[in-house]
2 protein chains.
Amino acid sequence: MKVTDRKTEIILTAAKLFRKKGYNAVSMRDLASELGIKAASLYNHIKSKQEILSEIVLQVAERFTTHIDEIYPQEVSSIKKLEAIIQNHIEITIQQTDFLACLNNDWMHLAEENLQDYLKMRNDYEEKFRKILLDGMVKNELENRNPEIVIFSILTTLRTLYLWYSKKSSIEVEVLKKDLPKTLLNGLIQN
Amino acid sequence: MKVTDRKTEIILTAAKLFRKKGYNAVSMRDLASELGIKAASLYNHIKSKQEILSEIVLQVAERFTTHIDEIYPQEVSSIKKLEAIIQNHIEITIQQTDFLACLNNDWMHLAEENLQDYLKMRNDYEEKFRKILLDGMVKNELENRNPEIVIFSILTTLRTLYLWYSKKSSIEVEVLKKDLPKTLLNGLIQN
DNA sequence: AAACAAAACTAACGATTGTTAGTTTAAATT
DNA sequence: AATTTAAACTAACAATCGTTAGTTTTGTTT
């Protein structure tokens with residue numbers, strides 16, 4: 001019984017390289033070389049370069065989907081839900097930094113069916129997020145403001161968290177978990 | 001005297017394609033075909049594919065640099081400065097959507113010297129932004145919160161504004177100009 | 001009409017791409 | 001020890017890449 005099988009190892013290494021140089025800039029020979037083998041040997045473990053990308057992107061996308069499906073129907077305030085979503089983004093960012101970067105940068109290089117699966121998950125996620133936010137505004141838990149702008153601002157920050165996290169890892173994760181929800185939800189200007 | 005010379009036309013078309021598919025996924029033949037000519041003909045106007053990328057990225061980067069260099073030393077509140085910076089991002093987003101997308105997605109494909117120029121401009125920009133923010137916190141114009149998290153959150157939203165803008169152009173630009181600063185600076189939760 | 005410049009063309013180059021076929025080595029199972 | 005399986009290898013393929021050289025077409029200026 002292997003702790004990590006070769007396919008997983010290939011995908012993890014691919015994610016690291018894709019993140020650094022982008023999907024199209026990483027050749028199968030680059031990837032093989034990083035693993036200390038020849039390019040042809042990769043095909044004993046994976047079907048194609050495209051399969052590697054789809055495993056990376058869809059795995060993370062499913063994790064987001066699963067979480068929001070769990071949070072969405074709960075009987076708590078919209079603020080609590082938003083906080084839970086933010087925490088989840090932070091955790092995925094920490095645990096799957098490279099995968100998340102691939103999802104952000106290279107999803108458009110997914111082939112037809114994989115691309116459609118991804119886009120569906122992404123739309124469903126945004127739709128649930130939107131409903132939570134609108135619900136909070138209706139119940140006066142959140143300020144009434146253009147919801148699309150708020151959605152965009154929060155989701156964009158969460159999606160690109162990995163850019164910042166890998167640069168400033170000196171700051172404690174706990175500080176991030178405490179201060180990011182404040183920044184995103186409570187605002188900035190003194191009052 | 002030409003209204004738009006051929007080189008400019010090539011660069012504009014390239015930016016459009018780079019944005020959609022990424023720098024590495026767009027071949028010189030793709031670009032030529034989009035312009036109705038053959039790939040070799042492009043080289044009557046440009047030196048290399050790399051030159052196209054650097055013209056796109058560095059042109060936008062210089063525009064940001066110029067603006068913050070103008071705002072930075074002014075004798076106004078830090079809030080006013082931040083508002084001006086946000087307005088500038090919105091304007092560049094509207095006027096140079098494709099260029100901005102290229103800067104965000106493909107800057108890492110710049111070759112050595114171009115890459116260094118870009119990174120220097122980017123660092124200088126962030127440094128000035130940071131100083132404006134810290135100054136505002138010292139003067140109690142802004143809430144005291146982890147500045148790196150705030151910087152990240154605001155800059156990330158501004159940088160990726162183009163993603164949202166091109167999707168939701170139905171919303172008036174004026175709404176964006178009014179609501180985005182509020183969202184980024186005033187926060188969300190009712191009080 | 002002749003001369004010139006600009007901008008397109010055809011053809012081809014060497015390098016690199018993802019991938020396949022067939023073979024050999026190493027490890028696990030009988 | 002013999003057999004089977006897993007995972008590496010070499011070699012090569014057709015396609016595509018950015019780019020160059022040399023030529024022809026087009027449009028403008030003398």
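So you know, we letter chains A, B, ... as the sequences are listed, proteins then strands, and number each from 1.
At a threshold of 4.0 angstrom between heavy atoms, the contacts of A/Ser27 are confined to the sugar-phosphate backbone, with no base atom among them.
Atom CG in A/Leu53 sits roughly 17 Å away from atom C1' in C/dT17 (whole-Å rounding). Here D/dT20 presents its C1' atom at 14 Å from CG of B/Leu42, a figure rounded to the nearest Å. When the P atom of C/dA8 is taken as reference, atom CG of B/Leu31 falls 12 Å away, rounded to whole Å. One interatomic measurement links the two molecules: CG of A/Asp5 to C1' of D/dA7, which rounds to 13 Å at whole-angstrom precision. C/dA8 atom C1' lies 16 Å from atom OH of B/Tyr43, rounded to whole Å. In this structure, NZ of A/Lys49 is placed 8 Å from P of C/dT19, rounded to the nearest angstrom. Distance, B/Arg29 CZ to C/dA8 C1': 16 Å, rounded to whole Å. If you take CD1 of A/Ile10 and C1' of C/dT19, they are 15 Å apart, rounded to a whole angstrom.
Taking 4.0 angstrom as the limit, B/Arg6 places a side-chain polar atom (N or O) nearer than this to OP1 or OP2 of C/dA8. Residue B/Lys38 places no side-chain N or O under 4.0 Å from the OP1 or OP2 atom of C/dC9. Phosphate contact (OP1/OP2 of D/dA8, side-chain N/O of A/His45, threshold under 4.0 Å): present.
One N or O donor and one acceptor, one from the side chain of B/Asn44 and one from the base of C/dA8, sit under 3.5 Å apart.
Using a 30° and 60° split on the angle between ring planes, B/Tyr23 and B/Phe18 fall in the perpendicular class, above 60°.
A side-chain donor-acceptor contact under 3.5 Å links B/His109 to the backbone of A/Lys21.
Each of A/Ile46 and B/Ala39 lies near DNA chain C, and the nucleotide nearest B/Ala39 is the one positioned closer to the 5' end.
For A/Ser78, the side chain to side chain donor-acceptor pair (under 3.5 Å) partners at least two apart in sequence or on another chain are A/Glu141.
Side-chain contact, B/Ser27 with B/Asp30: a donor N or O sits under 3.5 Å from an acceptor N or O. Residues A/Thr157 and B/Thr156 have side chains that never bring a donor and an acceptor to within less than 3.5 angstrom of each other.
Ranking D/dT19, D/dC9, C/dA8 by closeness to the A/Ile37 side chain, first place goes to D/dC9.
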